[in-house]
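This report concerns only the one structure given below.
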Amino acid sequence: MNNEIATLTSARVTNRQDWNESLFSLTVHSPGTKYKAGQFTKLGMFDDKGELIRRAYSIINHPDEHEKTGDLEFLIVTDPEGSLSPLLHSLRTGDDVLIGLEGAGFMTLDEIPLDARDLWLVSSGTAIGPFLAMLNDRKIGYRFNHLVLVHAVRHASDLVYQKEINQLLQQYPGKFKYVPIVSREQTSGALSGRIPQLLKSGELENTACLQLNKKESFIYLCGNPEMVKDTSNSLKLMGLQKHLRKKTGQFSSENYW
Ligand SMILES: Cc1cc2nc3c(=O)[nH]c(=O)nc-3n(C[C@H](O)[C@H](O)[C@H](O)COP(=O)(O)OP(=O)(O)OC[C@H]3O[C@@H](n4cnc5c(N)ncnc54)[C@H](O)[C@@H]3O)c2cc1C
Ligand SMILES: NC(=O)c1ccc[n+]([C@@H]2O[C@H](COP(=O)([O-])OP(=O)(O)OC[C@H]3O[C@@H](n4cnc5c(N)ncnc54)[C@H](OP(=O)(O)O)[C@@H]3O)[C@@H](O)[C@H]2O)c1
């Protein structure tokens, strides 16, 4: 067995949900995978030449839930030009897929400076996933005064997990704010445009009913690397700094490609 395969294990797909023609969620039974909320693991499949292709995918459900069910949930978008995502898109309940046994990544709650009081979780596309895992952490309600989930997508049909988001709104009334942004069509109840411009104009803060500030805010950015870069620049213009383990700042990020 080569090293790459040795770090993966075979697991059964136990559920599949299609949100639109390219966006879907897969649930995979993998009780042995160890991870923290916000982390990703690898999914792998063999292509038609027999070559193993594996990529990183964030885990949507909280480790406490995984402990009970052994299931891991992933939100995936198919890139028709891509190597692995079309193969994952072909999976059905009962099929097998290779999966990592370890979570990885530093976008977790324990990396956030202890004095941060307002947590802004800013995502594009499928990168809402790791934030849903974090928002289901039992400690999050008393650790933070405010929780803001920003989800920027192309189309209204990409605004996934509405049921879970409504549950969070009920669980944390006045504390949790959800700010959906749709860029390629007008959608009632969602902002229009892109995150960096909506930050610059003040519209994003107005909608969240919360101001970003150096003392209380911490922002995680996740998803499209161009979104991460442009949003980081907007935050810097607002006087906020990138967080490093050696030097405390107000924002940190994870790129999806
Ligand atoms: C830390 C991390 C976590 C990730 N988590 C997820 C996840 O939860 N869900 C998910 O769908 N993908 C996620 N990805 C991306 C994933 O690993 C693959 O890169 C993606 O599925 C494309 O693989 P592919 O083999 O089909 O395409 P490739 O042949 O590798 O082509 C990659 C191209 O696809 C585009 N692309 C890659 N990922 C995305 C994406 N998520 N949304 C839009 N365009 C994309 C980019 O243009 C990129 O150049 C994550 C990546 C990283 C690094
Ligand atoms: N989502 C779909 O309907 C769909 C359909 C078919 C295939 N796909 C596949 O999925 C991939 C894209 O998936 P996706 O829609 O989840 O992700 P995406 O292209 O990253 O778009 C998500 C959001 O990020 C925004 N964005 C892009 N660049 C930005 C920047 N520099 N600054 C700020 N915001 C930025 C987009 O705005 P803009 O709209 O202004 O770019 C959009 O609102 C494509 O490569 C394609 O292969 C997606």
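A quick note: this is a predicted structure, and the numbers were derived from the prediction, not measured. As the structure lists them, so they are numbered: ligands from 1, and atoms in each ligand from 1.
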The protein heavy atom nearest to atom 25 (C) of ligand 2 is Arg194 NE, 4.4 Å
Which of the atoms of ligand 2 are close to Ser183, meaning less than 4.0 Å from one of its heavy atoms? 36 (C), 37 (O), 38 (P), 39 (O), 40 (O), 42 (C), 43 (O)
Below 4.0 angstrom from a heavy atom of Pro80, which ligand 2 atoms are there? Numbered from 1 as shown, please. 47 (O)
Criterion side chain to side chain donor-acceptor pair (under 3.5 Å) on His62 and Asp137, from CA distance to verdict: CA-CA 7 Å; His62 190 275; Asp137 193 285; 3.0 Å; yes
Rounded at 0.5 Å granularity, tell me how far CG in Leu212 sits from CE in Met238. 5.0 Å
Which atoms from ligand 2 have a heavy atom of Arg184 less than 4.0 Å away? 38 (P), 39 (O), 41 (O)
With a cut-off of 3.5 Å and sequence neighbours excluded, list every side-chain donor-acceptor pair involving residues 246-257.
{"residue": "Gln250", "atom": "OE1", "partner": "Gln241", "partner atom": "N", "Å": "2.7"}
{"residue": "Tyr256", "atom": "OH", "partner": "Ser58", "partner atom": "OG", "Å": "2.7"}

Any idea which residues sit under 4.0 Å from ligand 1, heavy-atom distances? Phe40, Arg55, Ala56, Tyr57, Ser58, Leu75, Ile76, Val77, Asp79, Gly82, Ser83, Leu84, Ser85, Pro86, Thr126, Glu254, Asn255, Tyr256, Trp257
Under 4.0 Å from ligand 2, counting heavy atoms only, is it the side chain of Glu81, its backbone, both or neither? neither
May I ask you to test the Leu121-Val150 pair for a side-chain heavy-atom distance under 4.5 Å? no
Got the closest protein heavy atom to atom 6 (C) of ligand 2, with its distance? Ser22 OG, 3.6 Å
Please write down residue, atom name and distance for the protein heavy atom closest to atom 10 (O) of ligand 2. Val77 CG2, 3.4 Å
heavy-atom search around atom 32 (N) of ligand 2 in the protein gives Met227 CA, 3.4 Å
Which of the numbered atoms in ligand 2 are below 4.0 angstrom from a heavy atom of His155? 3 (O)
What's the shortest distance from atom 1 (N) of ligand 2 to any protein heavy atom, and which residue and atom give it? Asp158 OD2, 3.3 Å
Looking only at the side chains, is there a donor atom on one of Glu203 and Asn206 sitting less than 3.5 Å from an acceptor on the other? no
Checking contacts here: is it the side chain or the backbone of Thr78 that comes within 4.0 Å of ligand 2, counting heavy atoms only? Could be both or neither. backbone
Shortest protein heavy-atom distance from atom 16 (O) of ligand 2, along with the residue and atom involved: Gly125 CA, 3.6 Å
Compare all side-chain heavy atoms of Ile59 with those of Phe74 and state whether any distance is below 4.5 angstrom. yes
Could you go through the side chain to side chain contact (heavy atoms under 4.5 Å, CB included) check for Tyr161 and Asn166 one step at a time? CA-CA 9 Å; Tyr161 289 103; Asn166 281 325; over 6 Å; no
What are the atoms of ligand 2, with element, lying closer than 4.0 Å to any heavy atom of Asp230? 30 (C), 31 (N), 32 (N)
Sub-4.5 Å side-chain heavy-atom contact between Leu98 and Leu43: no
Ion pair Lys68/Glu65, N-O distance below 4.0 Å: no
Does CD in Gln162 sit with more than 12 non-hydrogen atoms of other residues, nucleotides or ligands closer than 6.0 Å? yes
Any side-chain donor-acceptor pair under 3.5 Å between Asp118 and His146? yes
re atom 19 (O) of ligand 2, the protein heavy-atom contact at minimum distance is Arg154 NH2, 3.0 Å
Is it the side chain, the backbone, both or neither of Pro196 that has a heavy atom closer than 4.0 Å to ligand 2? side chain
Applying side-chain hydrogen bond (donor to acceptor under 3.5 Å, both in side chains) between Glu111 and each of Arg245, His243, Lys36, report the one that passes. Arg245
Among all protein non-hydrogen atoms, which one is nearest to atom 23 (C) of ligand 2, and what is the separation to 0.1 Å? Ala152 O, 3.5 Å
Please determine, by modelled atom types, if Thr93 and Arg12 share a side-chain donor-acceptor pair under 3.5 angstrom. no
Pair Arg117 + Asp115, salt bridge at N-O below 4.0 Å: no
Per atom 20 (O) of ligand 2, closest listed option by heavy atom (Ile76, Leu23, Val153, Asn224): Asn224
Which atoms of ligand 2 sit under 4.0 Å from any heavy atom of Trp257? 20 (O)
Rounded distance [0.5 Å steps], CG in Leu84 versus OH in Tyr57: 4.0 Å
